Protein chains: 2
Amino acid sequence: MQNTNVSAVEAEFETSPERVRRTQDSFSIGDLSKEFDITTRSIRFYEDQGLMMPERRGQTRIYTQKDRVRLKLILRGKRLGFTLAETKTLFDMYERDGSSVNQLQTMLRLIDDKKLALRQQLEDIKVVLHELTAVESGCRAELTEKTKENP
Amino acid sequence: MQNTNVSAVEAEFETSPERVRRTQDSFSIGDLSKEFDITTRSIRFYEDQGLMMPERRGQTRIYTQKDRVRLKLILRGKRLGFTLAETKTLFDMYERDGSSVNQLQTMLRLIDDKKLALRQQLEDIKVVLHELTAVESGCRAELTEKTKENP
DNA sequence: CATGAAGTTTACGTTAACGTAAAGTTTTAC
DNA sequence: GTAAAACTTTACGTTAACGTAAACTTCATG
């Protein structure tokens with residue numbers, strides 16, 4: 001087990017190509033906003049919501065590698081359909097439970113919920129697509145009729 | 001062509017079983033809210049947004065069959081993923097163009113847009129489902145490892 | 001030393017479709 | 001005849017995730 005500080009779950013999210021440019025160990029808010037292509041407003045918002053707590057040098061925020069990984073996790077969570085509140089729950093859980101067994105179970109529950117909801121959405125979308133096609137046919141039929149009348 | 005007042009598109013939306021109980025020809029807001037299982041607040045909201053303009057007897061709203069059909073169309077539009085604004089556009093169009101050739105073409109465009117967006121959504125959801133499954137596997141693996149350590 | 005880039009806080013604005021009082025009038029029922 | 005049910009208007013609240021503007025400080029550079 002080579003875990004130093006970053007949670008196993010966090011480590012899991014590390015993608016291999018990143019290891020190449022392991023140079024910096026502190027970042028400005030602008031650095032991160034550029035790297036992840038989000039606004040600084042967003043990053044400050046995440047802090048507002050209790051998802052990050054970077055150090056300060058005076059007023060200025062200083063982000064560590066750990067913070068950077070957190071941000072990465074936030075964004076991946078978003079892509080997976082987690083709300084910021086849900087992601088925060090996971091973070092809080094890890095904070096109180098380093099071993100994170102609890103966290104993993106919660107995550108599994110969350111994932112299960114998401115999968116269920118997504119499958120439902122999938123079905124709904126299919127149904128609506130069919131309905132739309134039906135309405136479309138009706139429209140086309142009516143349209144050819146109308147243009148037949150008024151050439 | 002047996003169109004009296006209701007547009008051909010509106011007529012198209014009429015479902016057959018309805019014709020059986022063709023009794024009333026005016027309705028209260030409560031009648032409609034019960035029939036379609038929505039709140040009176042919603043109905044008044046649709047009026048606010050310019051989607052309906054029922055007559056009044058004093059202060060009280062009186063809805064005709066035509067209004068009822070409109071409401072039905074609004075709700076079907078919602079099920080099909082149209083915003084109220086989009087539905088309003090179609091209504092306005094019919095108001096100015098009884099023959100509604102224009103309306104039909106606009107509708108076809110709208111439907112096409114929706115279908116495209118839905119297909120995209122479908123793909124996105126599939127991708128996310130796969131990602132979720134992957135993350136889930138990772139969690140499970142890690143979990144069995146942890147519980148192996150601390151039995 | 002000025003100036004422009006990057007950082008900061010505070011706080012209101014946005015979107016969609018209603019929910020939820022509050023406070024009043026009208027209708028219906030017994 | 002009165003009390004409950006149904007109707008009305010007005011208007012602020014909700015959700016999520018920021019956008020945007022104002023007004024300020026700090027820093028580096030030519």
Side-chain angles (χ1 to χ4, degrees), chain A residues 24 26-64 67-68 70-91 110 113-114 117 121 128, chain B residues 24 26-64 67-68 70-91 110 113-114 117 121 128:
Chain A
Q24 290 187 336
S26 92
F27 309 85
S28 75
I29 194 169
D31 291 342
L32 295 184
S33 85
K34 276 170 206 152
E35 177 173 356
F36 296 109
D37 195 32
I38 57 182
T39 66
T40 60
R41 176 70 178 90
S42 298
I43 298 178
R44 292 199 193 94
F45 181 74
Y46 300 150
E47 181 176 344
D48 239 48
Q49 302 303 299
L51 287 149
M52 308 186 74
M53 293 186 64
E55 294 164 22
R56 302 285 186 121
R57 200 180 57 200
Q59 292 277 70
T60 304
R61 284 163 242 260
I62 307 292
Y63 296 88
T64 66
D67 293 323
R68 186 174 151 280
R70 273 209 162 207
L71 183 50
K72 211 170 176 175
L73 285 173
I74 293 170
L75 298 178
R76 171 159 294 210
K78 290 196 54 170
R79 285 206 310 281
L80 295 178
F82 294 97
T83 67
L84 294 181
E86 286 170 333
T87 300
K88 176 175 159 53
T89 301
L90 292 174
F91 284 170
L110 272 179
D113 291 353
K114 287 296 163 203
Q121 257 195 64
V128 170
Chain B
Q24 289 187 337
S26 92
F27 310 84
S28 74
I29 195 169
D31 290 343
L32 295 184
S33 84
K34 276 170 206 152
E35 177 173 356
F36 296 109
D37 195 32
I38 57 181
T39 65
T40 60
R41 175 70 178 90
S42 297
I43 298 177
R44 292 198 193 93
F45 181 74
Y46 300 150
E47 181 177 343
D48 240 48
Q49 302 303 301
L51 287 149
M52 308 186 75
M53 293 186 65
E55 293 164 22
R56 302 285 186 123
R57 199 180 57 201
Q59 292 278 70
T60 305
R61 285 168 242 266
I62 307 291
Y63 296 89
T64 67
D67 293 324
R68 185 173 152 281
R70 273 209 163 207
L71 184 49
K72 211 169 177 176
L73 285 173
I74 293 170
L75 297 179
R76 171 158 296 208
K78 289 196 55 170
R79 284 206 309 282
L80 294 179
F82 293 97
T83 66
L84 294 180
E86 285 170 334
T87 300
K88 177 174 160 52
T89 301
L90 291 174
F91 284 170
L110 271 180
D113 290 352
K114 288 297 163 200
Q121 256 196 63
V128 171

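As the structure is a prediction and not an experimental result, all values here were calculated from the model.
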Closest nucleotide among dT9(D), dA17(D), dG19(D) to the R56(B) side chain = dT9(D)

Tell me what R57(A) touches on the nucleic acid: a base, only sugar-phosphate, or nothing, going by heavy atoms under 4.0 Å.
-> nothing

Rounded to the nearest 0.5 Å, how far apart are CZ of R61(A) and CG of D67(A)?
-> 11.5 Å

Any N/O donor-acceptor pair, R41(A) side-chain to dT20(D) base, under 3.5 Å = yes

Hey, is the side chain of Y46(B) poking within less than 4.0 Å of OP1 or OP2 on dC18(C), counting only N and O atoms?
-> yes

Phosphate OP1/OP2 of dA6(C): any T40(A) side-chain N/O under 4.0 Å | no

T39(B) side chain N/O closer than 4.0 Å to the phosphate oxygens (OP1, OP2) of dG19(C)?
-> yes

Please state how far atom CG in L71(B) lies from atom C1' in dA17(C), giving the value in whole angstrom units.
-> 14 Å

With the side chain defined as heavy atoms from C-beta on, S42(B) is closest, among dA17(C), dA17(D), dG19(C), to dG19(C)

Whole-Å distance, D31(B) CG to dA6(D) C1', equals 11 Å

For dA6(D), does OP1 or OP2 lie under 4.0 Å from any side-chain N or O of T60(B)?
-> no

How many angstroms lie between CD in E86(B) and NZ in K114(B), if you round to the nearest 0.5 Å?
-> 4.0 Å

Take the protein atom CD1 of I38(B) and the nucleotide atom C1' of dG19(C), then report the distance between them rounded to whole Å.
-> 14 Å

The side chain of R44(B) lies closest to which of these nucleotides: dC18(D), dA17(C), dT8(D)?
-> dT8(D)

When rounded to the nearest 0.5 angstrom, what distance separates OG1 in T89(A) from CG in L51(A)?
-> 9.0 Å

Note: for S33(B) and Q59(A) on DNA chain D, the residue whose nearest nucleotide lies more 5' is S33(B)

Drop me the distance from Q49(B)'s CD to T87(B)'s OG1, to the nearest 0.5 angstrom.
-> 11.5 Å

Separation between CG (L71(A)) and CD1 (I38(A)), nearest 0.5 Å, reads 4.5 Å

Rounded to whole Å, the CZ-P distance (R79(B) to dA17(C)) equals 15 Å

Using whole Å, report how far CD1 of I29(A) lies from C1' of dA5(C).
-> 15 Å

Check the distance between dT26(C)'s C1' and I62(B)'s CD1 and give it to me in whole angstrom.
-> 12 Å

Atom-pair distance (CZ on R61(A); C1' on dT25(D)), nearest Å | 14 Å

Whole angstrom is fine here: how far is it from CD in E47(B) over to C1' in dT10(D)?
-> 15 Å

Does a side-chain N or O from K88(B) land closer than 4.0 Å to OP1 or OP2 of dA17(C), or not?
-> no

